[in-house]
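Just below is one structure, and these are the notes that go with it.
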Amino acid sequence: MQHDSGTGTPALVARRADAKPVETEEIRALAAAAGYEVVGAVTQVRPEDPGTYLGAGKVEELADRAAATGAHRVVVDDQLSPGQSKQLGDALPDGTGVYDRYRLVLEIFGEQASTRRAQLQVELARLKYELPRIREESDEGMFNRWAEKGTRLYDVRDRIDELESKLDDLPEPAEQYRERRREQGFDLVTLAGYTNAGKSTLLHRLADDLDLAAEPDHPDRDATAAVEDRLFKTLETTTRRATLAERPALVTDTVGFVDDLPHWLVESFSATLSEAAAADAVVLVADASDPVEELREKLSVSLDVLDAQDVERERVVTALNKVDLLDDDERERRRAVAAELAPAVVPVSVTAGTNVERLVAALRERLPTERAELTMPNCDDAMGVVSWAYDHATVEGVDYGGETVSLAVQGRPDVVERSRAKAEAVDEVGGERG
């Protein structure tokens, strides 16, 4: 299957206007991300049919168009019940399969998973999705009477148990990585939110090694936009070093949420969400140009997912992005909606740089901070402590007062404690020499 090019296996898109009242191109983008070429679309206005999802006339039209276009897949922009998946598939030409949006996203995840943990998580989520559909096609009572093993249904159940056990036993490299970075004095910040809200662009804006304002012709400017437009570029998180109000930090961009995905599916990929749980502060990036009710729903779902990862609301700053696309009244409406749900809201335009400094200041307030005044003998070892403090914390001032060096330092509590221990060690050595 061809991914990235957007032209691959032919597919038809089916949607219900009452289920999706706002026309969206997201399902087409998802299909392209999965490597399909959308060769047609069918929209139904009437309510859902409990048996085949679409009404009889639309099912017939869909089957005719699938035959005419040679579509290998019909992608339904909604969640299908196991029975609907089966009946709709039975009505289509042989060789034409049915995916709802959940199964489509799982296919994208499966193609992008590169680490062992991500691959196991994708397989587990896919089997949990397929289990009720296998049950729909099976007579579970017959299996219970005939055998306890050797059937597809029981094989899938056993594999789910096996995968959950394997995931529990896998070491968590991200946690080890975080501990090492904290030892080096870095604050940890995570970017979360829906796909295309502007997370990747914000990461590039904050990163130390790329200043988009100072380098308007930098090649990563276009690359950033491409990352944002291509859904699920990778399941792996992307981390860049940043300096936030003189504090050295690591900022991590997590996998974006997608409309109408169930929490069980999002939470299946706990490796990326655990970045938020372990962070000192989380930036929830939201697209202010979304319709008001859509913005409200996305913020609510995002905060619920963060709550499920034990992220305290006090650690979250909501970046209401793309306010440059709105007039004053619409901007205030979006800000008021966000303020109803989130404790800290900063309207920004990441591309224009509007209020990014305010966002950084809000983040800075949420970083754990301690301050210390340190005094050491004026010697080479003291200069080493001063140099270390500049690399790992915020040095508020250094006073070389003849026989002593006074150092005012501010930073993470553990970093300040290490600075204090280093200063005490220099003081002890200096006292012994004296």
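Numbering starts at 1 and runs along the sequence shown.
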Quick check against the 3.5 Å criterion: does Thr96 have a side-chain atom that pairs as donor or acceptor with the backbone of Leu92?
no
Kindly compute the distance separating CG (Leu325) from CZ (Arg334), expressed to the nearest 0.5 Å.
10.5 Å
Give me the atom names and distance for the closest heavy-atom approach of Gln87 to Thr52.
CB-CG2, 3.8 Å
Non-hydrogen atoms of Leu104 and Ala34 that approach each other most closely:
CD1-CB, 3.7 Å
Between the side chains of Thr238 and Asp253, is a donor N or O closer than 3.5 angstrom to an acceptor N or O?
no
What closest approach, in Å, do Ala344 and Arg366 show between heavy atoms, and which atom pair accounts for it?
CB-NH2, 3.2 Å
Flag for Arg364-Thr369: side-chain donor and acceptor within less than 3.5 Å
yes
Whether Arg315 side chain and Ala279 backbone form a donor-acceptor pair below 3.5 Å
yes
With a 4.5 Å heavy-atom cut-off, do Val360 and Leu206 have their side chains touching?
yes
Taking the side chain as every heavy atom from C-beta outward, state whether Tyr53 and Asp78 have any atom pair closer than 4.5 Å.
yes
Side-chain ion pair, Asp290 and Lys298, N-O less than 4.0 Å
yes
Ion pair present between Asp328 and Arg333, side-chain N to carboxylate O less than 4.0 angstrom?
no
Given Glu48 and Arg46, is the salt bridge (charged side-chain N to carboxylate O under 4.0 Å, His left out) satisfied, shown in steps?
CA-CA 7 Å; Glu48 176 180 345; Arg46 55 165 283 184; over 6 Å; no
If we only count heavy atoms from C-beta on, is the Thr9 to Glu37 side-chain gap below 4.5 Å?
no
Kindly compute the distance separating CD (Gln119) from CG (Leu163), expressed to the nearest 0.5 Å.
11.5 Å
For Glu162, is there an ion pair with Arg157 - N to carboxylate O distance below 4.0 angstrom?
no
Asp90/Lys86 salt bridge by N-O under 4.0 Å criterion:
yes
What heavy-atom pair brings Lys58 and Val42 nearest, and what distance separates the two atoms?
CD-CG1, 3.7 Å
Ignoring hydrogens, what is the shortest heavy-atom contact between Leu341 and Ser300? Give both atom names and the distance.
CD1-N, 4.1 Å
Given side chains that start at C-beta, do those of Asp327 and Glu330 come closer than 4.5 Å, heavy atoms only?
yes
The side-chain contact (heavy atoms from CB on, under 4.5 Å) partner of Asp324 among Thr354, Val350, Thr351 is Thr351
Determine the minimum heavy-atom distance between Leu203 and Val251, stating which atoms define it.
CD1-O, 3.3 Å
What pairs with Glu130 under side chain to side chain donor-acceptor pair (under 3.5 Å), at least two apart in sequence or on another chain?
Arg126
Hey, is Glu370 close enough to Arg420 for a salt bridge, meaning N to O under 4.0 Å?
yes
In Å, rounded to the nearest 0.5 Å, how long is the span from CG of Leu284 to OH of Tyr194?
10.0 Å
Going by distance alone, is a donor N or O of one side chain under 3.5 Å from an acceptor N or O of the other, for Thr252 and Thr190?
no
Taking the side chain as every heavy atom from C-beta outward, state whether Val76 and Arg101 have any atom pair closer than 4.5 Å.
no
Kindly indicate whether a cation-pi arrangement holds for Arg133 with Tyr129, taking the cut-offs as under 6.0 Å to the six-membered ring centre and within 45° of the axis.
yes
Going by an N to O cut-off under 4.0 Å, is there a salt bridge joining Asp187 and Arg412?
yes
For Ala197, does its backbone N or O pair with a side-chain atom of Asn321 as donor and acceptor, under 3.5 Å?
yes
Could you tell me whether the side chains of Glu107 and Tyr36 share a donor-acceptor contact shorter than 3.5 Å?
yes
Test side chain to side chain donor-acceptor pair (under 3.5 Å) on Gln410 and Glu246 and set out the steps.
CA-CA 10 Å; Gln410 182 186 96; Glu246 299 185 355; over 6 Å; no
Does a side-chain heavy-atom distance below 4.5 Å link Leu170 with Leu120?
yes
With side chains defined as the heavy atoms from C-beta onward, is the minimum distance between Asn355 and Ser349 less than 4.5 Å?
no
Taking C-beta and beyond as the side chain, do Leu320 and Val348 meet within less than 4.5 Å on heavy atoms?
no
Does Arg296 pair with Glu293 as a salt bridge, N-O distance under 4.0 Å?
yes
